[in-house]
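What follows is a set of notes on a single structure, which appears directly below.
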Protein chains: 2
Amino acid sequence: MEAINLKKLASLLQLSISTVSKALRDSHEISADTKKRVMDLARELNYEPNPYAGSLRKFKSKTIAVVLPDIINNFFIFAIKGIQEAAYLKGYHVLIYITNENPEYEKEVVRQFANGRVDGLIISLTSPFDKTEHISALEDKGLPIVFFDRVSQNFEHTLITTNNYESAYKGTTLLIKQGCKRIAHCQVSDKISIGIDRLNGYKKALQDMGIELDPEWILSSNKDIDYDTDLIERALTRKNGPDALFTSVETHALIAYDICRKHKIDIPKKIKLLSFSNLPTAHLMQPSLSTITQPAYEMGRAAAEQLILALEKPARFKPERIQMDSILYERESTR
Amino acid sequence: MEAINLKKLASLLQLSISTVSKALRDSHEISADTKKRVMDLARELNYEPNPYAGSLRKFKSKTIAVVLPDIINNFFIFAIKGIQEAAYLKGYHVLIYITNENPEYEKEVVRQFANGRVDGLIISLTSPFDKTEHISALEDKGLPIVFFDRVSQNFEHTLITTNNYESAYKGTTLLIKQGCKRIAHCQVSDKISIGIDRLNGYKKALQDMGIELDPEWILSSNKDIDYDTDLIERALTRKNGPDALFTSVETHALIAYDICRKHKIDIPKKIKLLSFSNLPTAHLMQPSLSTITQPAYEMGRAAAEQLILALEKPARFKPERIQMDSILYERESTR
DNA sequence: GTGAAAGCGCTAACAC
DNA sequence: GTGTTAGCGCTTTCAC
């Protein structure tokens, strides 16, 4: 990799390195004539400054890290898109890390950000919301952090969330109105913000509608696909099983579809299905899937915008809690 | 961001910077005792070396760039997963760029890699396969490049592809065997490797089966969603329209579904549908979608592995063309 | 076994 | 308007 650098430019132009540097950044100290010479040669030789040399000097990398639990749920895909676009507009580079729902990996990854690799972090938590020392360690070093979707409740951070409680309440109410009495809820995890908020919305709706909560109907996912499949399969095939399943994550809804096919359980006749999901094919499924859809792209975008604001105007910035609304799409699976 | 660095460690330990540096890298020059003192303090203070200082010295960033046309087709999602995992295993960081099918953006992005930001590049081309000067410029600077899926034909590079020609041939043959005579093919672009290979497979199958090729049945996508929708809609609603549509990209198949719903065109009775796709919901759709599915994860993994091999064992490495097989899943949409 | 010093490519304070 | 120099954090060569 024989890169072209300031030194080379300077020697070719018979100028000093600093003159070239200033010329390239259009400094008013430099004569128009010299600027032109420098710029022309730089363009001709395709000069690109070494970003790491600059980072070292300026303590800025113009890079942000995005740490996600997975990339299978479409929610995260659209979020990445939003982050990516906002970052691009501001000239930031995006490092991506996927934890595969492994908290240990999250810790390992996050630890590396302690020394300048990135200017800031956008994260949707894999770790339990109360086990976030690895994040506070970064925080203590002054690294700006934005949480989205699966947030921590420990700090005074920027949080991008949706109205999970209300959405779950609304979704559960819909199921009850459709005549369901035995509504199971599959929780993504009881250690994760969205898992708790959504469960609470579900519980409150049952309570308000005078339906007794049977703890057996709360399925607590393990985030391991085999475990989850087994969990949902046992619930759906049980004698006197649920007449509705409300899943908190897209992947669980798909697992439920497969199980219903396997056991010839009719959706929605035997069981109604509702899920938080950003599936682009929800309306094309057999039957079409009723979803609570989060504004994933907008959340990603907002996360990146807030982070960059924190980076570029630290004075004008203060941590915000931005909450956006999800949309309930009623389709065949809840008819 | 008050980071902890070698200097600070050294002063705390009353040692020189170089001793600390060596101790941390377990040099045999350093006494076991000193090593232990250094390591202990480093751990205690959560010392992480500044990656950019190291990059500057060693001309290595342990970072690779991944440039993709889009992130909506599930193919790319799974590819990212494969890349990410392989990179992680080898301690590499992954920068992600999405061009949104915009060749200008691809050029802009790629140009920045000319000076050390990344050690290598994995790319699925947005630009026409014959307009890749921006890539050769990097190549000339000695940056290792791996193409996957949408590859260039210009250079002697590592190429990770699938058997597009054979798959398209097989898919088209299936449609013919199902009784279709007027088979339309929606090409992703006539300037992109996969577009051409797949079209050729389609053509050859028609020819071998004695079906005359009507150029009208070749739909050439623009990668603009409105344009493409219009294109497909016009084709499907035309008098004496096609009795089969074979799309080269997942998104086009979904567009076709929507159009068929809108115009009440029965799939597969009125028109059979087949698509290259990695949709996890293909088997759950109404009707289930027949797909040619690429080993996306494995391709991503292979791409990253090949790139890292090129980076770490340049001597043992030579450019390879790795071709993997897609699988044809016959489902209701072609019955 | 430990330390001093040079230098990676760049910026910025300070000469001239 | 241009050049000299120090230094960002680290590794590495060379003294001692």
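FYI, side chains are in, hydrogens and waters are out, and symmetry mates aren't considered; it's all heavy atoms of this structure. Numbered from 1 within each chain, the chains take letters A, B, ... in sequence-line order.
- Rounded to whole Å, atom C1' of D/dC8 lies 13 Å from atom NZ of B/Lys8.
- Under 4.0 angstrom from either OP1 or OP2 of C/dT2 there lies at least one side-chain N or O belonging to B/Ser31.
- Between A/Thr19 and the phosphate of D/dT2, there is no side-chain N or O to OP1/OP2 separation shorter than 4.0 Å.
- Across the protein-nucleic acid pair, B/Ile30 atom CD1 and D/dT12 atom P stand 13 Å apart, rounded to whole Å.
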Classify every nucleotide of nucleotides 9-16 of chain C by which part a protein heavy atom approaches to under 4.0 Å, writing B for the base, S for the sugar-phosphate alone and - for neither, in 5'-to-3' order. BBBBBB--

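- B/Leu13 places its CG atom 14 Å from the C1' atom of C/dG3, with the value rounded to the nearest Å.
- Between the side chain of A/Lys60 and the backbone N or O of A/Gly54, no donor-acceptor pair lies under 3.5 Å.
- A/Asp70 places no side-chain N or O within 3.5 Å of a backbone atom of A/Ile98 that could act as its donor or acceptor partner.
- Centroid-to-centroid, the aromatic rings of B/Phe129 and B/Phe147 stay 6.0 Å apart or farther.
- A donor and an acceptor atom, one from each side chain of B/Tyr88 and A/Glu108, are located under 3.5 Å apart.
- Side chains of A/Thr158 and A/Gln306: no donor on one and acceptor on the other come within 3.5 Å.
- Under the 6.0 Å cut-off for aromatic ring centres, B/Phe78 and B/Tyr297 do not qualify, their centroids lying 6.0 Å or more apart.
- Between A/Lys35 atom NZ and D/dT2 atom C1' the separation is 13 Å, expressed in whole Å.
- Within 4.0 Å of A/Ser55, counting heavy atoms only, lies no atom of the nucleic acid at all.
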